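Shown next, in C-alpha cells, is the structure this report addresses.
Any value given below was found using the heavy atoms of this structure, including those in side chains, with hydrogens, waters and symmetry copies removed. In this text the structure is predicted, and so the values were computed from the model without any measurement.
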Amino acid sequence: MDGASRDAIGDAAPVPTLNAPRAPRLVLGVCGSTAAFKAAALASKLTAAGVEVRCVLTDAGAQFITPLTLTAVTGQPVERDFWSQEATGEIHVELANWADQMLVYPASQHTLAKLASGLCDNLLTGCLSVFSGPRWLAPAMHETMWSQPSTARNVALLVEDGWRLLGPDHGRLADGSEGRGRLVDVNPTAELMLHALRNPQQDLAGTHVIVTAGPTIEPIDPVRVLANRSSGRTGYALASAARARGARVTLITGPTRLEAPFGVEVEPVESAQSMQEALERAYETADVLIMAAAVADFRAKHGATRKLKREATLSLELTGNPDLLAGLALADERSGRRPLRVGFALEDEDLLARARAKMARKRLDIIVANTPESLDGDLTCTHILSADSACARGPESKADFAHALLDLVCAQLAERA
Ligand code: CTP
C-alpha cells in the first residue's frame, strides 16, 4: 500500500480548488446551534479553495459564534441585519443578486420551520426567500427535535419545494448522546459545495451511478497482500461530483485513506472477487458504471492460511483475476440491459491505440486513457475517448476532470433518452 501514503493520512481528500473565470460566490447562513463553530472551518476551507464567501449570521447564531471569527476567515464583513444598508434597505436583494448559491450551515429547527412556511422575519430568511439559485440546508439539532413530526413535515415540504438537503448525520451530538441530528462534517460538505459551485446543474438527478475506486488488494497470507499504487482519488472525485449533480451514487472502493464523500453509499471491498460481488449486486439498478478502480489482475493461486516464515527466496504462483468490466458487458448482452459503461485504460506506451482496443474489447461507451503517473498525483492528464470523439485534457485537478467526464456521460445519456 506504499502508493497510498502520499495522500493526507487519515484526512479528507484534499479540497479541490476552483479555476473559474471569476470566483464562485456563496452566501453562508449560520443559525443558532452548538455546531455553529463548524461554519468557521467550512468558510475558511471554501475561501482557501477560491470561493468568495459572505456570511449571514442570525441572532441565535451569534450566541454561538462571533461575527469577528467569520469575518477573519472569509475576509468579508458579516451581514446580520435587514436594516444595516441604510442607502437602500435592500441588503437581502443585493446578497441574492450577488450569490451563485446559498447554504445554511447549520440550519436550526426553527429556521427550517420558517422556511417551510415562507416566514421571513430576519436577513437570512429574507435572502433565501428572494434567491432563485440553488439553496442548500444542513440541519443540526438534537435527535428528539429532528424526529418531531413537525420537523419531518417541514423537511418533506422543503425537499418538495426544491431545497437541497445535506444530512443531518448520525453521530455524537452536543449533549454527548448518539443519534441523528449531527451537522454534516466540514470536509465532505466543502467538497460537495465546490463540485456544486463548479456545476450547479442537477443533470444526473434520477440516475443511479456506480463508481469503483482505489486498488484491490489480494491476500498472500493472513498479514501480507499484493497491492498497487492507486490512491482512489479519481474515483472519489467522480463519486462526489456525480452526487453533487443529483445522482444516487454507489461507491465501491478498495482500501484508501480517503474520507467518504457526502451522501454517497459506500461499499468497502478488498479483493477483486469482493469487488465483483459488490458490483453484481449494485449493477442491477445502475444507469451508469464508471470503473475507475485499479483492479488487481492477479491473485495468489494458493493463499496461505498461516503467516509465511522468512526464507531466503519465495516463489509465489499467481493466477489471473476475472475482467470485471468484460464480465458485466457479457451479462448485459444476455439480459438486454444497457447501462452506460465507462472504463479507464492505464498504459505506459501506445496510449490511444491500446485504449481504443480496450474500449472495443470491454464494450465501453467511454474510455479514459491515462498513464501510470496519474495514479497518485494531485493533477491528472487524460484523453477522454468515445466512439466518435477524443479530447486531450490536463494537467488539471481530479475534480475538473470528473466534471468533464460527467458532461460527456450526461450528453450520452441525453442522446439515448
Ligand atoms: N478492469 C476490470 N477488471 C480487471 C482489470 C481491470 O474491470 N480485472 C477494468 C479497470 O477498472 C479499468 C479497465 O478495466 O476500467 C482497464 O484496466 P487496465 O488495468 O488498464 O487494463 P486491463 O484490462 O487490466 O489490461 P492490461 O493490464 O493488460 O492492460
Side-chain angles (χ1 to χ4, degrees), residues 1-5 210-235 250-257 266-284 286 289-335 339 341-351 353-364 367-376:
M1 299 295 298
D2 312 349
S5 59
I210 302 177
V211 181
T212 67
T216 66
I217 58 170
E218 308 295 330
I220 296 170
D221 70 13
V223 293
R224 300 182 180 94
V225 294
L226 284 173
N228 62 61
R229 288 184 182 277
S230 169
S231 68
R233 283 166 52 186
T234 300
T250 306
L251 174 63
I252 301 174
T253 173
T256 74
R257 298 176 185 218
V266 180
E267 284 253 14
V269 297
E270 292 206 332
S271 63
Q273 195 187 336
S274 60
M275 182 167 278
Q276 183 176 30
E277 286 160 10
L279 255 176
E280 284 170 358
R281 278 193 303 275
Y283 194 66
E284 284 183 12
L289 167 65
I290 304 179
M291 196 76 192
V295 184
D297 285 329
F298 307 100
R299 64 177 187 277
K301 189 161 186 189
H302 308 288
T305 50
R306 309 193 64 143
K307 185 180 170 218
L308 295 172
K309 299 310 283 179
R310 180 149 50 87
E311 309 275 355
T313 60
L314 170 71
S315 294
L316 202 57
E317 195 179 351
L318 302 178
T319 185
N321 273 327
D323 185 326
L324 310 190
L325 262 178
L328 292 172
L330 269 182
D332 281 347
E333 259 166 40
R334 284 195 291 268
S335 69
R341 282 192 301 269
V342 182
F344 282 66
L346 188 75
E347 307 289 352
D348 45 17
E349 55 185 10
D350 216 1
L351 182 64
R354 287 187 181 185
R356 286 233 176 252
K358 236 171 228 181
M359 180 157 85
R361 196 167 69 242
K362 298 181 188 236
R363 297 191 173 80
L364 301 173
I367 195 156
V368 179
N370 59 359
T371 55
E373 293 77 56
S374 58
L375 265 179
D376 198 19

Residues A369 and A355: closest non-hydrogen pair is CB-CB, 3.6 Å
In this structure, CD1 of I217 is separated from CE of M275 (nearest 0.5 Å) by 11.0 Å
Does any part of the side chain of P339, heavy atoms only, come nearer than 4.5 Å to the side chain of L289, both counted from C-beta? no
Between the CZ atom in R356 and the CG atom in L351, the distance rounded to the nearest 0.5 Å is 11.0 Å
Distance col, row L325:CG vs M359:CE, nearest 0.5 angstrom, shows 13.0 Å
Between T256 and G232 the two heavy atoms that sit nearest each other are CG2-CA, 4.1 Å
dist L324:CG -> E280:CD (nearest 0.5 Å) comes out at 8.5 Å
- Query: Is R361 salt-bridged to D323, going by a charged N under 4.0 Å from an acidic O?
  - Reply: no
For A272 and T216, the nearest pair of non-hydrogen atoms, with its separation, is N-CB, 3.6 Å
Quiz item: Under 4.5 Å between any side-chain heavy atoms of R341 and D332, yes or no?
Solution: yes
For N228 and P215, the nearest pair of non-hydrogen atoms, with its separation, is OD1-CB, 3.2 Å
Taken in chain and number order and not counting sequence neighbours, the residues that satisfy side-chain hydrogen bond (donor to acceptor under 3.5 Å, both in side chains) with R363 are E333
Exactly one candidate in I252, T212, L251 meets side-chain contact (heavy atoms from CB on, under 4.5 Å) with E267; the answer is I252
Sequence neighbours excluded, the answer for side-chain hydrogen bond (donor to acceptor under 3.5 Å, both in side chains) partners of Q273 is E277
Rounding to 0.5 Å, atoms CG (L226) and OG (S271) come to a distance of 11.5 Å
Subject >> Step-by-step side-chain contact (heavy atoms from CB on, under 4.5 Å) determination, T371 to L346 >> reply: CA-CA 5 Å; T371 55; L346 188 75; 5.7 Å; no
Practice prompt. Step by step, work out the side-chain contact (heavy atoms from CB on, under 4.5 Å) result for L279 and M291.
Written response: CA-CA 10 Å; L279 255 176; M291 196 76 192; 3.8 Å; yes
Exercise for the section: Show your working on side-chain contact (heavy atoms from CB on, under 4.5 Å) between T234 and V368 and close with a plain yes or no. Expected result: CA-CA 11 Å; T234 300; V368 179; over 6 Å; no
Nearest heavy-atom approach of A278 to V269 is CB-CG1, 3.9 Å
_Looking at E347, I want to see if its CD is surrounded by more than 12 non-hydrogen atoms of other residues, nucleotides or ligands under 6.0 Å._
yes
Could you pull out every donor-acceptor pair under 3.5 Å between side chains of residues 292-320 and any protein atom, sequence neighbours left out?
residue : atom : partner : partner atom : Å
R299    : NH1  : G320    : O            : 3.4
R299    : NH1  : N321    : OD1          : 2.7

